[in-house]
Amino acid sequence: NDVKKFKPDIFVMPDGSDAPKIIFEIFSESTYKFKKAKYRTYEKYGVVEYNIVNLRSEVIVQYKLIDGSYQITNNLKKGDKYISSIFKGLIIDTNFIFS
């Protein structure tokens with residue numbers, strides 16, 4: 001049941017993968033209540049990079065799966081550059097995300 005429980009806003013799932021490699025979850029007031037459950041589910045299924053985007057406060061919290069547990073690798077705000085921890089060359093200007 002966990003596999004179909006949530007639908008991430010943006011994700012990359014290479015062919016042959018059992019789980020997405022990277023997820024961007026955009027939280028609003030109505031979806032924020034699912035934050036902990038999504039975090040635990042994505043961690044459990046091995047999503048390597050998980051990014052929580054808060055449009056209201058214009059902040060992105062970047063997590064990376066290390067030894068089976070998420071660790072915060074970056075806190076970004078509007079104007080910063082998002083750099084993927086797993087996809088070399090994936091760089092996004094956060095002004096684009098928050099515009």
Side-chain angles (χ1 to χ4, degrees):
N1 290 336
D2 283 343
V3 174
K4 295 182 181 181
K5 188 181 258 185
F6 302 117
K7 293 181 182 178
D9 294 301
I10 300 168
F11 65 96
V12 175
M13 189 164 178
D15 289 342
S17 296
D18 292 332
K21 296 295 179 198
I22 186 171
I23 288 178
F24 284 86
E25 196 68 63
I26 301 167
F27 283 102
S28 65
E29 290 179 28
S30 63
T31 61
Y32 195 79
K33 61 187 171 192
F34 300 111
K35 181 180 173 188
K36 287 182 184 179
K38 288 182 176 188
Y39 176 100
R40 287 190 303 265
T41 300
Y42 299 154
E43 185 178 62
K44 174 181 175 182
Y45 285 96
V47 174
V48 179
E49 186 179 316
Y50 177 41
N51 298 281
I52 296 176
V53 180
N54 185 323
L55 293 176
R56 184 174 221 180
S57 62
E58 297 183 334
V59 171
I60 299 172
V61 180
Q62 184 179 25
Y63 295 90
K64 184 174 182 185
L65 194 64
I66 299 172
D67 296 326
S69 298
Y70 280 134
Q71 294 183 21
I72 295 174
T73 56
N74 214 340
N75 281 297
L76 304 159
K77 60 186 181 317
K78 187 174 183 177
D80 291 340
K81 298 282 186 208
Y82 161 83
I83 301 171
S84 174
S85 64
I86 58 170
F87 290 112
K88 293 182 192 253
L90 178 56
I91 301 170
I92 303 170
D93 184 341
T94 57
N95 286 318
F96 174 75
I97 294 171
F98 296 118
S99 62

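Checked against salt bridge (Lys or Arg N to Asp or Glu O under 4.0 Å), D93 has the following partners two or more places apart in sequence or in another chain: K81. Partners of K35 by side-chain hydrogen bond (donor to acceptor under 3.5 Å, both in side chains), not counting sequence neighbours, listed by chain and number: Y32. The side-chain contact (heavy atoms from CB on, under 4.5 Å) check on V12 picks up P14, I22, F87, with sequence neighbours excluded. Scanning for salt bridge (Lys or Arg N to Asp or Glu O under 4.0 Å) contacts around K38 gives E25, with sequence neighbours left out. E43 pairs by the salt bridge (Lys or Arg N to Asp or Glu O under 4.0 Å) definition with nothing, not counting sequence neighbours.
Scanning all heavy atoms of the two residues, the minimum distance from Y82 to F24 falls at CZ-CZ, 3.5 Å.
Hydrophobic cluster membership is shared by I86 and L76, with clusters built from Ile, Leu, Val, Met, Phe, Trp and Tyr side chains linked at under 4.5 angstrom.
Two residues are said to be in side-chain contact when any heavy atoms from C-beta on lie closer than 4.5 Å; K21 and V47 fail this criterion.
Between Y42 and F11, the gap from one ring centroid to the other reaches at least 6.0 Å.
Here the side chain of T41 pairs a donor or acceptor atom with the backbone of A37 at under 3.5 angstrom.
The neighbour count for N75 CG, taken as heavy atoms of other residues, nucleotides or ligands under 6.0 Å away, is above 12.
Atom CD1 of residue I97 and atom CD1 of residue I10 lie 7.5 Å apart, to the nearest 0.5 angstrom.
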Please tabulate, one pair per line, all N/O donor-acceptor pairs under 3.5 Å involving side-chain atoms of residues 50-69, not counting sequence neighbours.
residue	atom	partner	partner atom	Å
N51	ND2	I23	O	3.3
N51	ND2	E49	OE2	3.1
N54	OD1	R56	N	3.0
N54	OD1	S57	N	3.1
N54	OD1	S57	OG	3.4
N54	ND2	S57	OG	3.4
R56	NH1	E29	OE2	2.6
Q62	NE2	E49	OE2	3.1
Q62	NE2	I83	O	3.0

